[in-house]
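All of these numbers come straight from a predicted model, not from anything done at the bench. Each chain gets a letter, A, B and so on, in the order its sequence line appears, and its residues count up from 1.
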2 protein chains.
Amino acid sequence: MLTSSQQQLLRVISQSGPSSRTVLAASMGLSKAAMSGIARDLISLGVLRETETIYGQGRPSILLDLHPEGAFFVGISLLEDPAPLVLSDFNGNIVARQTMPLSRDPDVIAEMIADTLPKLLAEQESADGKLSGLGVALSGFVDEKQASCVKSTLLGWQDVPLAGIIRQKTGIDTFIENDAKAVAVSEKLFGSARDVRNFSVVSFGNGIGCAHFVGGKLYRGNHGGAGEIAHCTIEPNGSPCRCGKRGCLDTVASLKAIKEMAKAEGLACQSLNDLETEASLGNAVAIRILHRAGSALGLAIAHLIQFNDPGLILITHVEGRFDGLFGTVMRQAAEANVLPRYAGQTPIRTQRVDTDVWARGAASIAAHNFLIGPNPN
Amino acid sequence: MLTSSQQQLLRVISQSGPSSRTVLAASMGLSKAAMSGIARDLISLGVLRETETIYGQGRPSILLDLHPEGAFFVGISLLEDPAPLVLSDFNGNIVARQTMPLSRDPDVIAEMIADTLPKLLAEQESADGKLSGLGVALSGFVDEKQASCVKSTLLGWQDVPLAGIIRQKTGIDTFIENDAKAVAVSEKLFGSARDVRNFSVVSFGNGIGCAHFVGGKLYRGNHGGAGEIAHCTIEPNGSPCRCGKRGCLDTVASLKAIKEMAKAEGLACQSLNDLETEASLGNAVAIRILHRAGSALGLAIAHLIQFNDPGLILITHVEGRFDGLFGTVMRQAAEANVLPRYAGQTPIRTQRVDTDVWARGAASIAAHNFLIGPNPN
DNA sequence: CAGTTAAGTTCAGAAAATGAACAAAGATGC
DNA sequence: GCATCTTTGTTCATTTTCTGAACTTAACTG
């Protein structure tokens, strides 16, 4: 196990990127002498390495960065069938990939993982003995310890201690997390939100997920429900939602909702792109649907900005485009519904991601726990 | 200055209340031996004291608590004229009070404070030499260092480095803060949110303010704007707001808005209480106004719950009542617009406070900085 | 009243961080 | 081209902080 100073150093590097010993010492409030020793230990452990040399006035500084092969993590997504398993290095690169059939039985899942792990590790020799954690992403609510699934409609679960079951079968430190929160962590650790302390990730797909980073840490909420924007009321007295309320964001702006509205209106559109094309050709129905969905998502994002004042809103999407009518209306609505003084102050970035986002996010949950530990006070 | 362990101990006690050395050692991850020494030092400094003795099996434990006279803080509210100055002890009790005329000139304010301070301190002899900080609460945005007012419409300020000016004139460590955020800090340190890590305070008055505590820390947002729920769009295409948008919560649910709506409808109501009385007598207009306001506030609170999943919503109000139609509708709307699964899971507590809330909150900002320091990583 | 239990203290030694001096490595100026 | 300057990073003795184990204290238990 690493000392607290060593963990802190890893955390600082993972947050601010490669840095010199002197800079790191200053940002951790330690002396250069102390930093020298800590860095030496972590380098000899193979966790850190020296990368670039920066020339300036005086002696050049040598940047320290996480050694990509310092630790490896497994990430599994329970959102698809077959379920992907990926092996990620310390820089978040996927170095191996397998799949396994999805099951709803926790014991079967653990068994499958234990069976598939050797195949995954065989793909990357250098990972031998350096597997430092396993993460699972799923749709649903997860408890604070990231050990137990409190509730998952998709999997039909209630209070399933999945992490413990997998840990027992595989012998590897295991943590589970909600899908959107896992994506947020991977964006923070390895993605485009590395240097932002406060941000929200909105994952746009058939459902709409969201997760917040506050003060450089994932904020899970008191019941693990922080970020559940899909069921905020956006159209009072709107259409009924499967959750029991009416006018939820999910009923208007999710990919599934958009497709269903198109179908209900008799449009032969299979995808958001089709609908965008129709709209650009002047189809009034397509325009109306996209307008309605874009306004709703934009309003929800405006609320997010007003309530939490994040430094970045990152919208990740597997399907669809955000450069058409839908995206434009969304941005306009977001701008129009925040304090005019703040309009344009919060960057809204959209990012197309591949279908391994969830598995990669799951792996980053394991990395996060390795880097930051369970409870950093 | 205190060592970081000493600060941490004070922070833990201020968060979890009086505790024995053994319990404190465990919760800080230190040995009993280390705790023994740290506690001894702080007791001899007069900052901690032994209070109750708890008898159980074995040697009784002695609870340690902040010494009420261990440190004193001054709090000043710039929200009223005359502006109140209060002296608070380490337990958040107000032990002295003065007022001074309000000014919009920072130099004059600092001058007035410097003049009034001796009078305030004279009221409490034991505070002599133990004044450990000064806090100022104001309406507007404050920078991250709690030193400079970025913007205050009420005071007509833009980038006013008030803390520095006051510090120079008085020689006392000074911090400024937004009014709602100051109240949140005082509820966390001394009030009813002591043991809640995640909560939001909604301050209801002529304006509507809000502040979040996340992970036991005040969350200020990336531009200091976290919690600005007053200008979230609650009635799309609603009445124009002074901020430039339409349908802001502030235009429907603030005390000022309610009174103005009543006046515009020709009701002779001076206060929320009058309006409640009218409503209870069956006045349809009063009922409609209260319904609209309560629904709006409830919807905003529902959004707050959906977005951030806090452990507590604390509504503080100087005027008005929350046990009438307005409060009932507010609660119903809040419940009806969160995921049914979560309805009722988040306590919504209302709390009537006196007009010294702001000054008390300001003092707690100083206490917070004394206890926790400027930047606890 | 002896035995048990748990809180808090003491003290030697270990661990971690500091400060100051110094070595290293390149930029700068004449 | 060479001495000088500037800044990074290391070394090491010293100081600070924490730990572990033994011990003292002060109850409760039967």
Side-chain angles (χ1 to χ4, degrees), chain A residues 1-13 16-67 372-373 375-377, chain B residues 1-13 16-67 372-373 375-377:
Chain A
M1 201 49 197
L2 304 175
T3 69
S4 71
S5 292
Q6 288 174 328
Q7 281 210 337
Q8 194 192 348
L9 176 55
L10 295 185
R11 187 165 68 239
V12 169
I13 292 183
S16 40
S19 322
S20 72
R21 291 168 174 82
T22 306
V23 168
L24 290 166
S27 78
M28 285 174 58
L30 288 180
S31 63
K32 289 193 294 175
M35 180 54 61
S36 187
I38 297 170
R40 189 196 310 120
D41 294 347
L42 285 177
I43 288 173
S44 72
L45 277 171
V47 179
L48 281 188
R49 68 169 181 181
E50 300 186 334
T51 54
E52 214 178 333
T53 305
I54 303 285
Y55 299 93
Q57 228 172 13
R59 177 173 169 175
S61 58
I62 304 162
L63 301 190
L64 296 177
D65 199 3
L66 303 182
H67 195 304
I372 303 196
N375 203 8
N377 271 328
Chain B
M1 202 48 198
L2 304 175
T3 70
S4 73
S5 292
Q6 289 174 328
Q7 281 209 337
Q8 195 192 348
L9 175 55
L10 294 185
R11 186 166 66 240
V12 169
I13 292 182
S16 41
S19 322
S20 72
R21 289 169 175 81
T22 306
V23 168
L24 290 167
S27 78
M28 285 174 60
L30 288 180
S31 63
K32 288 194 295 174
M35 180 55 61
S36 187
I38 297 169
R40 190 195 309 120
D41 294 347
L42 284 177
I43 288 173
S44 71
L45 277 171
V47 179
L48 282 187
R49 66 169 182 182
E50 301 186 333
T51 56
E52 216 178 332
T53 305
I54 303 286
Y55 299 94
Q57 228 172 12
R59 177 172 169 176
S61 59
I62 303 162
L63 301 190
L64 295 177
D65 197 4
L66 303 181
H67 196 305
I372 302 195
N375 203 9
N377 271 328

**Q** Any chance you could list the contact pattern along nucleotides 9-18 of chain C? Use B for base contacts, S for sugar-phosphate-only contacts and - for none, protein heavy atoms under 4.0 Å, 5' to 3'.
**A** BBB----SSB
**Q** Quick check on the helix from dC1(C)-dG30(D) to dC30(C)-dG1(D): what's the angle between its two end axes, five base pairs per end, to the nearest 10°?
**A** 20°
**Q** Is any side-chain heavy atom of Val12(A) closer than 4.5 Å to a side-chain heavy atom of Ser27(A)?
**A** yes
**Q** Any chance you could measure Ser16(B), atom OG, to Arg11(B), atom CZ, to the nearest 0.5 Å?
**A** 11.0 Å
**Q** At less than 4.0 Å, is any side-chain N or O atom of Thr22(A) found next to OP1 or OP2 of dG9(D)? Yes or no.
**A** yes
**Q** Please report, rounded to the nearest Å, how far the P atom of dA7(C) is from the CD atom of Glu52(B).
**A** 16 Å
**Q** On a heavy-atom basis, which atom in Met35(A) and which in Arg21(A) lie closest, and how many Å separate them?
**A** CG-O, 3.4 Å
**Q** On a heavy-atom basis, which atom in Ser31(A) and which in Ala25(A) lie closest, and how many Å separate them?
**A** O-CB, 3.8 Å
**Q** Of the non-hydrogen atoms in His67(A) and Gly46(A), which two are nearest, and what is the gap between them?
**A** CB-O, 3.3 Å
**Q** If I compare all heavy atoms of Leu2(B) with all of Gln7(B), which pair ends up nearest, and what's the gap?
**A** CB-CG, 4.0 Å
**Q** Between atom CD1 in Ile62(B) and atom C1' in dT24(D), what is the gap in whole Å?
**A** 13 Å
**Q** So which heavy atom on Gly17(B) is nearest to which on Ser19(B), and how close?
**A** O-OG, 2.8 Å
**Q** By nearest heavy atom, map Gly56(B) and Gln57(A) onto DNA chain D; which one lands nearer the 5' end?
**A** Gln57(A)
**Q** Between atom CG in Leu64(B) and atom P in dA7(C), what is the gap in whole Å?
**A** 13 Å
**Q** Between atom CG in Leu9(B) and atom P in dT17(D), what is the gap in whole Å?
**A** 14 Å
**Q** Can you see if the side chain of Ser20(A) gets near the phosphate of dG9(D) - specifically, an N or O under 4.0 Å from OP1 or OP2?
**A** yes
**Q** So, for Ile43(B) and Leu64(B), which heavy atoms are closest and what is the spacing to 0.1 Å?
**A** CD1-CD2, 4.0 Å
**Q** If you find the nucleotide of DNA chain C closest to Gly58(B) and the one closest to Leu63(B), which residue's nucleotide is nearer the 5' end?
**A** Gly58(B)
**Q** In whole angstrom, give the distance that lies between atom CD1 of Ile54(B) and atom P of dA27(D).
**A** 13 Å
**Q** Please enumerate all residues that pass salt bridge (Lys or Arg N to Asp or Glu O under 4.0 Å) together with Arg59(B), with sequence neighbours excluded.
**A** none
